[in-house]
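For reference, the structure is listed below as structure tokens.
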Amino acid sequence: MKRVILLRFGELYLKGKNRGYFEKVLISNIKLSLKGIECKFYKVTGRYIVSDYDEIDETLIINKLTKVFGLVSLSVAIEVKTDVDAIKDYISSLKIPAKTFRVSVTRADKTFPIQSNIFERELGGLILKNNPSLKVKLKDYETEIVVDIRENGLTYILHDKIECEGGMPLGTAGKGLLLLSGGIDSPVAGYMIAKRGMSITGLHFHSFPYTSEMAKQKVISLAKLISPYCGKIKLYMCPFTKIQEEIHKHCAPEFMITIMRRIMMKIAGKIAIQSGCKAIITGENLGQVASQTVESLTVTNFSQTNVPIFRPLIAFDKKDIINISRKIGTYETSILPYEDCCTVFLPKNPVIKPKLDKVLKEESKLDIKTLVDNAVKNIEIIEC
Amino acid sequence: MIYLDNAATTQISSNALKTYDLYAREQFFNPSGIYDVAVKVKNDIESAKKTILDALKTSSGDIVFTSSATEANNLAIFGSLRSNFKKIVLSMADHPSIYNVGLELENRGYKVEFCPLQENGQIDYDALEKILDEDTSLISIIHVCNETGAINDLKRINELRKKKCPKAIFHADGVQAFSKIKINLDYFGVDLYTISGHKMFAPKGIACLYVREGLHLKPILFGGGQEHNLRSGTENVPAIMALKTAVLEIGDIKQNYEHVKKLKDIFVSNLKDIPCTINSNEENSPYILSLTFKGVNGETLVHMLEQNGIYVSTGSACSSRKKGNRILSAMNLRLEDVVGSIRVSFSKHNTIEEVETASKTLKNCYNELIEKLR
């Protein structure tokens, strides 16, 4: 008899021709998340099992696995040899801290001598003996004791299901370039796109000396914080000071932010192609600030058309974004008060509904190609 | 590198480090031990206390070693606290390790008043006289303000205490004063006084609280009963002994003061052509210089200096979040001026050449920035 962790994966995407590929990626992601922890990992029909771990590591393993996209839920289970007496012995010893329960037996091993419904009643009776105040309730129960009799001669007895992230295995939907500002939204956008299977490379624009080394460190911290979900992130740190100074010097102040975002997108387009990213991902959200009106987003979109821009948060309420940010553990870091490059040179009255022709006219005052090329040339790459 | 952030921390001196090494590797014994080598270490700690008491120019009292000045300040306040305390008086110039203790005490239901500041950064003595009354049980005022270098007149405060609330306990945070300006605790009349190691070339992780003879504090940490039961936890002997070495190395305070005063004056005079306000006046400790630059962000200036290998600190955390600076605001500075402020803090080891270079670079950085922001 030993403790194991039983993992369930989503069924939907595991059907069809791609099943083998999805499963291979999922298994590799699970193994990667358990790297450094001594344990065994194997597959039984329709399930994965983690076993032979030190009990002290159990919560750590659970914590890591709940963040692996593609897993739907997991349970800690007791593994016993498929034997009526052994199962009964264990069930008899159970102390259940609940008011109502049910027993469910699933019998993949059809050679097991007792029918499921009869065995359920027998086991229920044993539990009641040891827990006299407990009541059986087949619907709306507090706890379900599941006895899963597998074909491999082993039976798993478990209760309490722990929900995992669900989603698609990371890496099955290609790679995207996430624009990480250091705020609340962009790490959440990264997490959400990763949940659809897209792995992530990061791009951050910094404006030293207007922004500090601390602001840079904050972005590195954020990339590390989402890595349990998104895997290790390669972060491109792009210097943006010169570009901001040039816009400030030559262009009308109300276009500062619009032009800045368009140039950022041009740089992102270049980096995406260089680094094999198939999409640009931003934390933009409709109408949240002046630069995120539909007109602003449209004008930004036209800055480069080689790579699509995905905005997973486009229709989210701020409070919902904050909730996810708290859940994935980035909120406290995101709200650290360091200047980010968007707050420097902030005009008093930015244009809210920019028109492309006017923006292009303003932009023509700049040597954008040289500015972009120089910024790209001076990018620093950090492996987070 | 030109390091002008000595109010934040200092580099440990070679001799202090040697002492640290000696007590970390050779004389590493637990001073609570009853065998000879441990007893020797215990005696060495006592000698360190004596050295510090001598430097504080006091004939009696005790020294309690703590892990930081923050801990010493917490011990001073919470250790003095009694259930019958009616009013606690602090100041707007106090360090967060006192100011935030005050806010916590308010949360716990105590009456806490913060003495306002004059425009020169010193406490407003007339206001203090009004605030102090017979209900006042505890007064804690920073000796030298870590943001502006303003020196509060502890003797004058003590006179007010004697007049208005003679039973009140009087604590002063001397972190930026000790080793830099003349100190005589008996003359000042304080009951409790905090000093910190890493601001004066001793290692980080060591500080202490002077406790006047006859004053009984209650511990805030409970355990093995070290430090006469006032600060449980094995004594940080290497750091304590390194602090002793640093105290012995203070040298001639007056001479150091004159040197640093000269540094400050040169720094200020090199900025006379640019719109820069000096928030630290002539009477302040010359070790700390608070400056406000019009129309720029102090943080940007700090980073521009950093690019030139010159290290100073900001007067304000961050403009975008309107954090501001409590102390500068209490001196009536407007928020936009607070945002444009930086703090330059000298040590006796800084040279005239360093200060000439730093101030000229600062001037150039300011001009360059203003040009870019135009």
Side-chain angles (χ1 to χ4, degrees), chain A residues 181-185 204-219 237 239-254 256-257 260 288-291 322 331-348 350 365-366 371 378 380, chain B residues 1-5 8-9 96 100 291 293-326 328-329 335-336 338-344 358 361-374:
Chain A
S181 66
I184 294 168
D185 303 341
H204 174 69
F205 297 97
H206 62 87
S207 304
F208 196 85
Y210 301 102
T211 63
S212 69
E213 183 60 31
M214 276 140 83
K216 231 163 125 180
Q217 288 304 322
K218 175 181 168 183
V219 172
M237 296 296 217
F240 206 66
T241 315
K242 181 75 186 158
I243 294 171
Q244 281 181 305
E245 285 173 354
E246 285 295 300
I247 305 172
H248 180 75
K249 197 168 167 186
H250 298 290
C251 305
E254 63 267 31
M256 177 83 204
I257 291 181
M260 210 173 87
Q288 199 182 75
V289 288
S291 60
I322 288 175
Y331 183 75
E332 296 301 327
T333 303
S334 287
I335 60 169
L336 290 173
Y338 308 129
E339 300 270 10
D340 72 41
C341 72
C342 292
T343 60
V344 181
F345 297 111
L346 212 58
K348 281 202 178 87
K365 298 173 184 168
L366 301 168
L371 287 172
N378 290 308
E380 176 194 359
Chain B
M1 180 179 79
I2 300 177
Y3 182 73
L4 296 176
D5 197 17
T9 194
N100 289 336
L291 302 162
F293 294 87
K294 284 266 178 251
V296 299
N297 196 332
E299 189 182 331
T300 310
L301 283 177
V302 169
H303 295 318
M304 290 175 87
L305 287 173
E306 170 190 338
Q307 281 178 313
N308 289 282
I310 297 164
Y311 298 94
V312 302
S313 80
T314 44
S316 148
C318 172
S319 62
S320 63
R321 311 284 163 133
K322 303 277 183 282
K323 282 266 180 187
N325 177 307
R326 163 176 49 87
L328 296 179
S329 297
L335 184 64
E336 56 262 45
V338 170
V339 164
S341 42
I342 66 169
R343 181 189 72 179
V344 181
T361 310
L362 175 58
K363 184 179 161 182
N364 292 341
C365 288
Y366 175 81
N367 286 333
E368 188 188 328
L369 185 58
I370 277 293
E371 182 61 31
K372 280 179 180 165
L373 293 173
R374 187 172 288 161

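The sequence lines fix the lettering, A, B, ..., with proteins before strands; numbering per chain opens at 1. In what follows, every heavy atom counts, from backbone to side chain, and hydrogens, waters and symmetry copies are set aside.
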Which of these passes side-chain hydrogen bond (donor to acceptor under 3.5 Å, both in side chains) with K372(B): Q244(A), H248(A), E245(A)? E245(A)

Validation row: E299(B), S212(A) side chains within 4.5 angstrom (heavy atoms): yes

At a 4.5 Å cut-off on heavy atoms, which part of L305(B) comes close to chain A: side chain, backbone, both, or neither?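 When you check distances to chain A, no heavy atom of L305(B) falls under 4.5 Å.
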
Approximate separation, where rounding is to 0.5 Å, of F208(A) CZ and M304(B) CE: 10.0 Å

